[in-house]
Amino acid sequence: MIRTLTAYTAEVDDPQLAVEQITEQLNASGGLLKGTIGIVACHYEFVLSGVFKAVSEALPFNVVGTISSIQSVAAQTDTLLLTLMVMTSDDVSFETVLTPSLMTDPGSVIRECYQAANGDRKPALILTFAPYLIQNSGDDYVNVITEASGGVPCFGTLAVDDTADFSYCFMLAEGDFHRDRMAMILIYGDLNPRFYIASISENRMLDRSAVVTKSDGPILMEVNERPFAEYLDDLGLLQAAETNYAMSSLPFLLDYNDGTPKVSKLFVALTPEKYAICAGAMPEGRTLFMTMANRDDILLTTAETMERLKHDLTGASGLLIYTCVSRSMTLAADQYQETALINEMIGTQIPYMMVNSGGELCPTMVSDHKAINRFHNNAFIACLF
């Protein structure tokens, strides 16, 4: 069994004070058990000021996580926060894996690191933390982890910051920060994690679906044997797609045509050739549904998902949530409203941490201890353990 503790600090300038605040909250929640791991999220200012490093070095266990633009814990929600979730147990163990650079052949790097750390054992859950790298695909990450592990459930996030060029999207591990490496937490023992996903209501799909007929990873070139721009023009959306608001207002739902749930993917921008740059792979032969996101649907899908989750709280010890930054962009001036909704619905029933994400890794289905892991955009994902 896992016992879960949470702590936070808003002290971005004074490392010593931040350490005192974090340790005081953890100590008040009780002592640590045999095995312990910390999951962190913070604004990049906590890294630049040295606060993250000081907090990490002061704790007697490994701490890993990511930079984020919004984080929430213990009813505290803000941009300028450092939040910490601690998992501690006598019968569940945690192993941290830190890869070398993912800039060259990331699939081989991740596979070799996982195999070297894991041997013949099989974790109950893999938590993953990686920077946002425009040249790499989160789909490749999740696919290689699934293959290497034999289908272990994989849950995690890509870092996201609030700069215009995402220059501080660090992965955080053991007091340091990395722009090109992945961390994994391999969790072993009697653990039965449950997963929940909210994306876009199917009634927000536009009438005409399309089959992806030409693509190159995240570059969508043709649908239904026609240029993608013509499909947009038929829907009256070509002009909207050329604006800076395309990412938050025009997400896709992608049907893998294999009986698994549809997965949300972000449309980021158009290339000069009018190809769509997406935030995830758009494999050929899959069916694409254009949608139109709005504030009401963000809150509706989150509330519906949390209602399902609340029925499973009995016996659970913690809740980890990642929600795509595009959802808070859609909420605009009400960017904290989704986190406020979670606090209203969960309150103090269970320790939880909620973090903004630049891409979400979460199973869509789990059966016989084998997961169908997917990479999502514009999604709210939750892991109850």
Side-chain angles (χ1 to χ4, degrees), residues 1-43 45-47 49-68 70-94 96 125 127 129 172-175 185 187 189 191 193 306 309-310 313-322 336 339-356 382-385:
M1 179 175 177
I2 291 176
R3 185 152 58 86
T4 305
L5 320 174
T6 60
Y8 70 94
T9 181
E11 180 49 63
V12 72
D13 296 317
D14 187 334
Q16 182 176 349
L17 179 56
V19 168
E20 291 173 358
Q21 291 176 347
I22 292 289
T23 54
E24 180 179 326
Q25 291 170 63
L26 294 179
N27 290 338
S29 299
L32 302 179
L33 304 177
K34 182 178 177 181
T36 304
I37 193 73
I39 301 170
V40 68
C42 65
H43 191 272
E45 291 289 356
F46 289 85
V47 172
S49 69
V51 165
F52 164 69
K53 183 177 181 66
V55 169
S56 182
E57 291 180 346
L59 297 173
F61 48 82
N62 285 343
V63 175
V64 299
T66 57
I67 293 301
S68 179
I70 298 175
Q71 37 276 321
S72 180
V73 65
Q76 302 296 316
T77 300
D78 208 338
T79 295
L80 282 173
L81 277 183
L82 182 150
T83 58
L84 182 68
M85 170 175 277
V86 177
M87 304 166 71
T88 187
S89 177
D90 283 332
D91 51 16
V92 174
S93 62
F94 311 93
T96 304
L125 175 64
L127 300 178
F129 310 89
L172 309 174
E174 302 170 7
I185 299 174
I187 304 180
L191 187 71
M306 291 304 298
L309 185 151
K310 285 171 62 178
L313 286 178
T314 301
S317 58
L319 175 63
L320 180 60
I321 299 171
Y322 290 103
Y336 299 138
T339 51
L341 177 62
I342 301 307
N343 184 56
E344 178 184 334
M345 297 184 71
I346 293 295
T348 59
Q349 294 181 69
I350 192 169
Y352 75 89
M353 183 166 75
M354 181 171 174
V355 180
N356 260 22
C383 176
L384 184 68
F385 55 87

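- For S317 (side chain) and I2 (main-chain N/O), a donor-acceptor pair under 3.5 Å exists by modelled atom type.
- Side-chain contact between I346 and M306: present, with at least one pair of heavy atoms (C-beta onward) separated by less than 4.5 Å.
- By the 4.5 Å heavy-atom criterion applied to side chains, E24 and I22 are not counted as neighbours.
- A side-chain donor-acceptor contact under 3.5 Å links D90 to the backbone of K34.
- For the pair L84/V63, a side-chain contact is recorded, criterion being any heavy-atom separation below 4.5 Å from C-beta on.
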query = Yes or no on side chain to side chain contact (heavy atoms under 4.5 Å, CB included) for V55 and T23, after CA distance, side-chain angles and deciding distance?
reply = CA-CA 9 Å; V55 169; T23 54; over 6 Å; no

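- Between I39 and L127 the shortest side-chain heavy-atom distance falls below 4.5 Å.
- Considering only heavy atoms from C-beta on, K310 comes within 4.5 Å of M345 through its side chain.
- Remark: the backbone N or O of M87 is not paired with any side-chain donor or acceptor of T4 at under 3.5 angstrom.
- The backbone N or O of Y336 lies less than 3.5 Å from a partner atom in the side chain of T339, making a donor-acceptor pair.
- Interatomic distance, I37 CD1 to I185 CD1, rounded to the nearest 0.5 Å: 4.5 Å.
- The minimum heavy-atom distance between E174 and T96, with the atom names listed, is OE2-CG2, 4.0 Å.
- A 6.0 Å sphere centred on CD of Q16 holds no more than 12 heavy atoms belonging to other residues, nucleotides or ligands.
- Residue V355 comes nearest to M353 through the heavy atom pair CG2-CG, 3.9 Å, listed as atom of the first residue, atom of the second, then distance.
- Of the possible donor and acceptor atoms, one in the side chain of D14 sits under 3.5 Å from a partner among the backbone N and O of L17.
- Here the side chain of Q21 pairs no donor or acceptor atom with the backbone of Y8 at under 3.5 angstrom.
- With R3 contributing its side chain and L33 its backbone, the two residues share no donor-acceptor pair below 3.5 Å.
- Taking all atoms of both residues into account, the shortest heavy-atom contact from M85 to L319 is CE-O, 3.1 Å.
- When every heavy atom of A382 is checked against every heavy atom of L309, the shortest pair comes out as CB-CD1, 3.9 Å.
- Rounded to the nearest 0.5 Å, atoms OG (S72) and CD1 (I342) are 9.0 Å apart.
- Contact annotation: the side chain of Y352 never approaches that of V73 to less than 4.5 Å [non-hydrogen atoms, C-beta and beyond].
- The two atoms that bring F46 and S49 nearest to each other are O-OG, 3.5 Å, heavy atoms only.
- Once rounded to the nearest 0.5 Å, the distance linking CG of L320 with CG of L384 reads 10.5 Å.
- Taking the side chain as every heavy atom from C-beta outward, L172 and V47 approach each other to under 4.5 Å.
- Here the closest non-hydrogen pair linking F52 and L82 is CA-CD1, 4.0 Å.
- The CG atom of L125 sits 5.0 Å away from atom SG of C383, with the distance rounded to the nearest 0.5 Å.
- Looking at V12 and H43, their side chains never come closer than 4.5 Å, going by heavy atoms from C-beta outward.
- Summarising the geometry, atom CG belonging to D78 is positioned 11.0 Å from atom OG1 belonging to T83; distances are rounded to the nearest 0.5 Å.
- Atoms CG and OG1, on L5 and T36 in that order, are 8.0 Å from each other to the nearest 0.5 Å.
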inquiry  = side chain to side chain contact (heavy atoms under 4.5 Å, CB included) for L81 and Q76? Distances and angles first, verdict last.
reply    = CA-CA 9 Å; L81 277 183; Q76 302 296 316; 4.3 Å; yes

